[in-house]
Every structure is written in C-alpha cells, then in structure tokens.
Student: 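Below is one structure. I have some questions about it.
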Amino acid sequence: MTDFQQQVLTVVARIPRGRVTTYAAIARAIGRPRAVRAVGTAVGNNPDAPKVPCHRVVRSDGSVGDYAFGQKQKIYLLRSEGIEIVDGQVVHFSRIFFDL
DNA sequence: GCTCTGACGATTT
DNA sequence: GAAATCGCCAGAG
C-alpha cells in the first residue's frame with residue numbers, strides 16, 4: 001500500500017454515517033487539490049468495504065458516481081443510512097455534504 | 001523513464 | 001442542460 005492510498009483511505013474513514021463527501025474534497029484534504037482522479041483510482045483499488053465507507057464518496061456535482069459492486073449497491077447502502085437518492089442524484093446534497 | 005488508464009472535475013460546445 | 005473536450009495526478013506495465 002502506497003503512502004498516497006494510505007492517506008486517502010484514512011480520510012475516507014472519517015466520514016460520518018449518513019453524510020457524504022466528494023473526490024475533490026478528499027483531494028483537498030490530503031493536500032493535492034488536483035489529484036482527484038488519482039483519488040478515485042485509489043478508492044477503487046481498495047474495496048475495503050468494512051474498513052472504509054467508500055460508498056459515501058460521490059461526485060462534486062451531486063451524482064452518485066461509480067462503485068466497485070455497482071451503483072445499485074452503492075445507492076442501496078446510502079439509502080440504508082438515510083440518504084435519499086433520486087435518479088442517480090443525492091438529494092439535499094449540500095446539506096449532508098461533509099467537508100473533511 | 002514513457003505510455004496508458006481511470007469510482008473525477010471544470011469548461012466549452 | 002446534456003455531451004464532448006481538456007486537464008490532472010498517481011499506479012501499473
């Protein structure tokens with residue numbers, strides 16, 4: 001595990017239940033505002049489902065984004081935490097957004 | 001060291 | 001407002 005991935009996972013791990021954040025926010029949090037793509041790659045390579053709530057990471061435009069086990073699963077998990085999803089978009093995104 | 005390849009993002013059509 | 005375009009950074013081969 002590289003240092004970069006380590007940082008990403010650590011940050012994602014502190015997202016509270018029922019809240020979401022974005023890839024961009026994570027990038028900013030680790031001091032690499034422009035490494036958004038790399039962040040996505042890092043999370044994708046680590047389906048540490050139990051360790052890291054990677055399903056709470058969405059796109060900055062409020063769309064759900066992708067998921068290792070399919071967006072279906074991702075949406076399901078988010079709903080189970082009380083987050084509403086409509087047509088692939090997170091409802092009240094600005095409210096439940098968690099800036100790291 | 002170079003060339004792809006992305007769980008992305010902002011901008012421009 | 002949807003789709004195409006370009007930029008960006010870290011891994012993998």
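What you see is a predicted model; the values in this text were computed from it and never measured. In the text below, chain A, chain B and the rest are named by the order of the sequence lines, each starting its count at 1.
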Student: Identify, with sequence neighbours excluded, every residue that meets salt bridge (charged side-chain N to carboxylate O under 4.0 Å, His left out) alongside A:E84.
Tutor: none

Student: Other than A:V91, what residues sit in its cluster of Ile, Leu, Val, Met, Phe, Trp and Tyr side chains whose heavy atoms are under 4.5 Å apart, directly or through others?
Tutor: A:V86

Student: What side-chain donor-acceptor pairs closer than 3.5 Å can you find for residues 28-41 of chain A, not counting sequence neighbours?
Tutor:
from	atom 1	to	atom 2	distance (Å)
A:R32	NH1	A:I30	O	3.1
A:T41	OG1	A:R37	O	3.1

Student: How would you list, by chain and number, every residue that makes a side chain to side chain contact (heavy atoms under 4.5 Å, CB included) with A:Y76, sequence neighbours excluded?
Tutor: A:Q73

Student: Are A:V52 and A:F4 co-members of a hydrophobic cluster defined by side-chain heavy atoms under 4.5 Å apart?
Tutor: yes

Student: Classify the nucleic acid contact of A:A38 as base, sugar-phosphate or nothing, counting any heavy atom under 4.0 Å across all strands shown.
Tutor: base

Student: Strictly below 4.0 Å, heavy-atom distances to any atom of DNA chain C: list the hits from residues 92-100 of chain A, or just say none.
Tutor: none

Student: List the atom pairs, donor and acceptor, that lie under 3.5 Å between side-chain atoms in residues 93-100 of chain A and the rest of the protein, sequence neighbours left out.
Tutor:
none

Student: Using a cut-off of 4.0 Å between protein heavy atoms and nucleotide atoms, how would you tag nucleotides 8-13 of chain B 5' to 3' with B, S and -?
Tutor: BSS---

Student: Which is the 5'-most and which the 3'-most nucleotide of DNA chain C that has an atom under 4.0 Å from a heavy atom of chain A?
Tutor: C:dG7 to C:dG11

Student: Taking only residues two or more places apart in sequence or in another chain, which ones pass side-chain hydrogen bond (donor to acceptor under 3.5 Å, both in side chains) with A:D3?
Tutor: A:Q7

Student: According to salt bridge (Lys or Arg N to Asp or Glu O under 4.0 Å), does anything in residues 55-81 of chain A pair up with another residue at least two apart or in another chain? List the pairs.
Tutor: A:R56-A:E81

Student: If we check side-chain contact (heavy atoms from CB on, under 4.5 Å) with A:V64, which of these qualifies: A:I83, A:V20, A:I85, A:V57?
Tutor: A:I85

Student: So, do A:S63 and A:V58 sit near enough that their side-chain heavy atoms are less than 4.5 Å apart?
Tutor: no

